[in-house]
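A short write-up of the structure that comes next.
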Amino acid sequence: MIDEAVPETRGASDRTPADRTATRTIAVWDLPLRLWHWIFAICVLTAWFTPTVYDHLHRIIGYTVLGLLAFRLVWGISGSRYSRFRMVGVRLRAAPTYLWNLRRGITGRYIGLNPAGTLMLVALLLSIAVSAITGALSVTVTFFGVWWIEDTHHYSSDAVIVLVVLHIAGVVLMGLLQRENLIRAMITGRKRIRGHL
């Protein structure tokens, strides 16, 4: 299991019993990443519900999604510690074992994304990228009406929604297994330190 070290709280021996049982948290998700996450989620869902009926809005949202994807790639290289992609390869290799152990309720403890979360991040970013790029291509002179562009856009968009549902289910499941509100963590940016309930 790959776990990231969490700094010890200073003066642990001087704390009262009440202090020792109080919840300790650590900053994990920085503000730019949290804003990106929620704006991205709103844009993806808006794009899903607007094709053909609100085509102009659908296109604007599509271009916005492309811009947000570009920001995430940059932030994955230059952002704060838990925003970077530096552990993606390691976590992806650990994902099959992690998912297998999850059947028995073994979740491990990760401050950043766990291997299942990393797998979902990669799957969502790739499927959304395919959907957004093919959507943008489908309104160009060269690719307008090209069947494989339109089909790829349609099927990748469907895949995105399936992955979003799995992502939400996974967040709820992990929150229950680890007794931690992961949705609140993506709002506040803070997660509970290992050993504190």
Side-chain angles (χ1 to χ4, degrees), residues 27-89 91-92 95 112-172 174-175 181-191:
V28 179
W29 311 120
D30 58 41
L31 182 61
L33 184 71
R34 295 188 331 261
L35 289 174
W36 172 86
H37 177 271
W38 294 113
I39 294 169
F40 197 58
I42 290 166
C43 286
V44 167
L45 290 175
T46 303
W48 170 256
F49 289 108
T50 56
T52 59
V53 180
Y54 302 102
D55 268 344
H56 183 67
L57 176 61
H58 186 75
R59 287 182 190 180
I60 291 170
I61 293 294
Y63 294 129
T64 303
V65 165
L66 285 171
L68 289 167
L69 283 169
F71 168 81
R72 185 63 185 98
L73 291 176
V74 170
W75 207 244
I77 296 166
S78 61
S80 63
R81 176 180 179 181
Y82 296 105
S83 300
R84 291 187 210 129
F85 294 141
R86 63 184 178 81
M87 293 295 289
V88 166
R91 298 266 166 96
L92 286 178
L113 287 177
N114 64 38
T118 302
L119 182 61
M120 182 56 70
L121 170 70
V122 171
L124 273 169
L125 290 180
L126 287 176
S127 59
I128 291 170
V130 169
S131 176
I133 291 167
T134 54
L137 288 174
S138 70
V139 296
T140 63
V141 173
T142 306
F143 292 102
F144 182 79
V146 175
W147 69 268
W148 65 269
I149 291 285
E150 292 183 353
D151 282 359
T152 303
H153 180 63
H154 176 75
Y155 292 125
S156 60
S157 299
D158 288 346
V160 167
I161 294 304
V162 170
L163 289 171
V164 165
V165 170
L166 289 174
H167 171 55
I168 293 168
V171 167
V172 171
M174 290 306 296
N181 188 335
L182 296 176
I183 296 171
R184 184 176 62 200
M186 188 48 80
I187 294 171
T188 65
R190 303 189 70 83
K191 288 182 75 175

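Everything numeric here is computed off the predicted structure, so don't read it as measured data.
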Checklist entry - Between atom CD1 of Ile168 and atom CG of Leu182, what is the distance when rounded to the nearest 0.5 Å? => result 13.0 Å
Checklist outcome for this item: Rounded to the nearest 0.5 angstrom, the CG-CG distance for Leu119 and Leu166 is 10.5 Å
Next on the checklist: If you count every heavy atom of other residues, nucleotides or ligands that lies below 6.0 Å from Leu45 atom CG, does the total exceed 12?
Outcome noted: yes
Checklist entry - Would you say the side chain of Tyr82 lies within less than 4.5 Å of the side chain of Leu33, judging by non-hydrogen atoms? => result no
Checklist entry - Going by heavy atoms in the side chains, are Tyr63 and Leu66 under 4.5 Å from each other? => result yes
Item to check | Interatomic spacing from CG in Leu124 to NE2 in His167 - rounded to 0.5 Å | outcome: 6.5 Å
Checklist entry - Can you find a heavy atom in the side chain of Phe85 that is under 4.5 Å from one in the side chain of Leu73? => result yes
Checklist entry - Rounded to the nearest 0.5 Å, how far does CH2 of Trp29 lie from OG of Ser80? => result 9.0 Å
Checklist entry - Hey, does the side chain of Trp38 reach the backbone of Met186 with a donor-acceptor pair shorter than 3.5 angstrom? => result yes
Checklist outcome for this item: What one should report as the nearest heavy-atom pair of His58 and Thr50 is ND1-OG1, 3.1 Å
Item to check | Heavy atoms of other groups near Arg84 CZ, more than 12 under 6.0 Å | outcome: yes
Item to check | Side chains of Trp48 and Asp158 in contact at under 4.5 Å (non-hydrogen atoms) | outcome: yes
Checklist entry - Which heavy atom in Gly112 sits nearest to a heavy atom in Val28, and how many Å separate them? => result CA-CG1, 4.3 Å
Checklist entry - To the nearest 0.5 Å, how far apart are CZ in Arg59 and OG in Ser138? => result 7.5 Å
Item to check | Cys43 side chain near Ile39 side chain, heavy-atom distance below 4.5 Å | outcome: yes
Item to check | Heavy-atom side-chain contact between Thr118 and Met87 under 4.5 Å | outcome: no
Next on the checklist: Are the side chains of Thr46 and Tyr54 in contact, using a 4.5 Å heavy-atom criterion?
Outcome noted: no
Checklist entry - Looking at CD1 of Ile133 and OG1 of Thr152, how far apart are the two atoms once the value is rounded to the nearest 0.5 Å? => result 11.5 Å
Item to check | Considering all heavy atoms, the nearest Ala47-Pro51 contact | outcome: O-CD, 3.2 Å
Checklist entry - How about Thr134 and Phe143: do any of their side-chain heavy atoms sit closer than 4.5 Å? => result no
Checklist entry - Is the backbone of Ser127 close enough, under 3.5 Å, to the side chain of Ser131 for a donor and an acceptor to pair up by distance? => result no
Checklist entry - When you measure from the side chain of Arg72 to the backbone N and O of Trp36, does any donor-acceptor pair fall under 3.5 Å? => result no
